[in-house]
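Some notes on the structure that comes next.
Atoms considered below: every heavy atom in the structure, side chains included; atoms not considered: hydrogens, waters and symmetry mates. Read the numbers this way: they start at 1 and go in the same order the structure lists the ligands and their atoms.
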Amino acid sequence: MSEQRYLPDDEYTREFEAEVTSVDETDRTAVLDGTYFYKEGGGQPADHGSLSWDDSSARVVDVRQDHGEIRHTLEGDLPEPGTTVHGDLDWDRRYAHMRYHTAQHVVSKVVLDEFDASTAGNQIHADRARIDFEPAHFDAEDLRTIERLSNDLIERDLPVEKSRRSRDALEAETPDGRTNLDLVPDHVDPLRAVTIGDVDVCPCGGTHVDNLGELGEIEIVERTSKGADVERIEFVLADPD
Ligand SMILES: [Zn+2]
């Protein structure tokens with residue numbers, strides 16, 4: 001079992017030491033006793049970066065979870081099990097994912113409140129993100145409304161808190177339609193909660209910034225119909241002033 005060390009609220013650590021617990025020479029993957037690399041999941045891509053030890057190093061080009069193990073796909077040297085390695089995250093990429101993922105929470109909450117539409121899926125990138133809403137039919141004015149309300153929220157510089165909460169407590173607190181907790185296996189308890197000021201709470205295992213002031217301004221750049229009741233919107237973030 002690899003420890004996901006960024007949980008629940010250590011998402012700004014970008015360098016760390018860890019011990020290699022196993023290596024798969026065929027797949028060229030290494031498992032560490034604990035890691036700060038985010039593994040692909042929940043619409044957020046894997047972190048990239050490097051591992052180094054002694055006189056050797058490898059680039060981390062993918063990170064996936066396989067049951068309880070976090071596998072780092074390596075290009076370059078392969079460490080031996082038992083080696084202590086120094087991990088170094090590609091911070092520009094990770095921090096961009098943190099900003100876009102947090103912005104996704106903001107837009108998802110705004111659309112739920114204003115249009116009663118739930119988030120059916122999302123995909124984060126380092127330079128854009130998209131969210132699928134259902135049931136939804138947005139016109140041009142709706143998009144401007146979503147943009148304006150999202151930016152109003154961001155301008156409040158609200159804190160983003162991450163914590164472990166019991167499943168029951170989080171279930172009681174999460175607004176109806178905000179997330180589908182039924183999709184999270186029953187045995188997962190406690191859950192990781194992401195709370196934006198007094199505005200939003202949502203179970204989520206991704207990485208996020210600590211304050212909405214880090215997001216900058218949201219601009220919706222595209223809307224696509226993805227079926228009878230599903231609308232996809234794509235947005236970009238301008239850097240904060
Ligand atoms: Zn999240």
Going by the angle between their ring planes, with limits at 30° and 60°, are Tyr12 and Trp91 parallel, tilted or perpendicular?
tilted
Total protein N/O/S atoms sitting under 2.8 Å from the Zn ion (ligand 1), waters ignored, is 4
Evaluation steps, ring pair (Phe, Tyr, Trp, His ring centres under 6.0 Å), between Phe37 and His72
CA-CA 8 Å; Phe37 281 91; His72 305 71; 5.4 Å; yes
Side-chain donor-acceptor pairs under 3.5 Å in residues 127-136, sequence neighbours left out?
residue : atom : partner : partner atom : Å
Asp132  : OD1  : Arg232  : NE           : 2.7
Asp132  : OD2  : Arg232  : NH2          : 3.1

Side-chain heavy atoms under 4.5 angstrom apart, residues restricted to Ile, Leu, Val, Met, Phe, Trp, Tyr: same cluster for Ile233 and Leu153?
yes
So, are Asp142 and Arg223 salt-bridged, with charged N and O less than 4.0 Å apart?
no
Does Arg5 pair with Asp33 as a salt bridge, N-O distance under 4.0 Å?
yes
